[in-house]
Protein chains: 2
Amino acid sequence: MAGKRAPGPQGGLSRERVLRSAVAIADERGLAALTMRSLAETLGVEAMSLYHHVANKEAVLDGLVEVVMAEIEAAVGGLVAPEPEDDWKTAMRMRVLAAREVLVGHPWAPRVFETRTGTSLPVARYFDGVLGLMRRGGFSYELGHRALHALGSRALGFSQELFEPDGVEAPEEAVAAMAEQVPHLVAMIADASHGGALLGWCDYQAEFEFGLDLILDGLERLRSEA
Amino acid sequence: MAGKRAPGPQGGLSRERVLRSAVAIADERGLAALTMRSLAETLGVEAMSLYHHVANKEAVLDGLVEVVMAEIEAAVGGLVAPEPEDDWKTAMRMRVLAAREVLVGHPWAPRVFETRTGTSLPVARYFDGVLGLMRRGGFSYELGHRALHALGSRALGFSQELFEPDGVEAPEEAVAAMAEQVPHLVAMIADASHGGALLGWCDYQAEFEFGLDLILDGLERLRSEA
DNA sequence: ACCTGAACACCGTTCAAGT
DNA sequence: ACCTGAACACCGTTCAAGT
């Protein structure tokens, strides 16, 4: 049925094809490189053709969230985790870390999430699942609600690092340049490197898990006390 | 000495005047309204004149961080808090909440922080102070380091909320529209409103403090066990 | 129905020119 | 030294026109 005369682009546009290309551009060239014009060019089409499949650029960004959330749901769905009734903390931990693994493939995703906090259905669905897990683990709705806030973006696998976003810059060097202005940070780095080399001393995965466990442990304490 | 003939703008530009205006625009009209052209207009000058006082727009955004951090440092400096040696947790809590109070006056600030995680001296100085507080409170450098990561942006008074950024949209209505797609969220809201009206049931300040205390309590536990 | 070309109203920024 | 006008290379988006 398809495939008579190619209608300009290769095989006809569609919302799915547009979003797939948008993800590819963001993955390969960064979010800043994703413009309606670059997106069109990737698809072998004029920029204005895109508007037949997406309302505007905002809709493209919404679609990006949709794609990433679908990947996360798929990863979570494939998990072999304990039943929340037996061990909600492990179940939750695995879920969050699975989400995080998806995000490492899309380093631009947190920045996109941050700009469309409005109310995205895919994101709401994910948090609904998280809440459901906690309910099965014995949380009241009230504690579950607070837990959602306490976790925030961590439930999706990322946290706002104020230093070094994409691992581009070595914080040690930057801190060294500030030297006497930040004595404690300097001492901290000196302490961490106790004699040896200090390459890559910030293990972001480990730090993420530390923060996650700190919160999950706190929540479990409150849950079991209730 | 000054005040002979007005040199075009009212009294001459300066980096300080440019940044002050930039903050005013962001406060009053939002971050999106802050363009080099709008900034210039506010100052009664042509856009290109700005480049004599700031390198480019990135430098303006860096300056925004500088201004906000100076306000935070001032607020923290004016605090009457316990000595960290006596009660680090209260000292920290007060510091973070003081920072948060500054941020409510600049709702755009988190978004700006998020885009310049590189290494900002004012931000680094703030975290240096936080680390110093924890050191005085009995933290090892190692635990202090982990604590900085665990707190992340919370140390500066904000956390990434994935729903409802600026309190514009009522999550209840949005959730209601999704209805059967998010059953747990719907039930949670129903539970929270147990009969009464549910206006503004998300108390962001309370939720922020809950999450903060969860982390601080967890850290204190680890500190005292060490 | 879908795609296009030209155009509009914006951006940040450069450059040569003014005083 | 500081400010300006015109221009450049981009944006997202509208609109009338093509097929």
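We name chains A, B, ... by the order of the sequence lines, and we start the count at 1 in each one. Note that the structure is predicted; figures quoted are calculated from it, not measured.
The side chain of Arg37(A) approaches dC11(D) more closely than any other nucleotide in the set dC11(D), dG12(C), dT4(C).
Using a 4.0 Å heavy-atom cutoff across all strands shown, Thr35(B) reaches sugar-phosphate atoms only and no base atom. Counting non-hydrogen atoms under 4.0 angstrom, Met36(A) reaches the backbone sugars and phosphates but no base.
Rounded to whole Å, the distance from CE on Met48(A) to P on dG18(D) is 17 Å. Taking atom CG of Leu34(A) as the reference point, atom C1' of dC11(D) lies 12 Å away to the nearest angstrom. Taking atom CG of residue Leu50(B) and atom P of nucleotide dT13(C), one finds them 11 Å apart after rounding to whole Å. The CD atom of Glu46(B) sits 14 Å away from the C1' atom of dA17(C) (whole-angstrom rounding). In this structure, CD of Glu58(B) is placed 14 Å from C1' of dC11(C), rounded to the nearest angstrom. For the pair His52(A) NE2 and dT14(D) P, the interatomic distance rounds to 12 Å; values are reported in whole Å. Atom P of nucleotide dC2(C) and atom CG of Leu43(A) are separated by 15 Å, given to the nearest angstrom. Rounding to whole angstrom units, CG of residue Leu13(A) and P of dT4(C) are separated by 8 Å.
OP1 and OP2 of dC2(C) both lie 4.0 Å or more from every side-chain N or O belonging to Ser49(A). In this structure, His53(B) reaches the dC3(D) phosphate: one of its side-chain N or O atoms is under 4.0 Å from OP1 or OP2. Put simply, Tyr51(A) has no side-chain N or O that comes within less than 4.0 Å of OP1 or OP2 on dT14(D).
At a cut-off of 3.5 Å, with distance as the only test, no side-chain donor of His53(B) or Glu16(B) sits close to an acceptor on the other residue.
When both distances must be under 3.5 Å, the Watson-Crick or G-U wobble mate of dG5(D) is dC15(C).
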- Query: Tyr204(A) and His149(B): ring pair (Phe, Tyr, Trp, His ring centres under 6.0 Å), yes or no, with the steps?
  - Reply: CA-CA 9 Å; Tyr204(A) 287 95; His149(B) 280 282; 5.7 Å; yes

Please report the C-alpha distance between Glu66(B) and Arg15(B) in whole Å, then the side-chain angles of each, then the deciding distance to 0.1 Å, and finally whether the side chain to side chain contact (heavy atoms under 4.5 Å, CB included) criterion is met.
CA-CA 12 Å; Glu66(B) 216 177 294; Arg15(B) 183 175 135 84; 2.5 Å; yes

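From Glu207(A), atom CD reaches atom CG of Leu212(A) across 12.5 Å, with rounding to the nearest 0.5 Å.
Between Arg125(A) and Glu73(A) no salt bridge is recorded (no basic side-chain N to carboxylate O distance below 4.0 Å).
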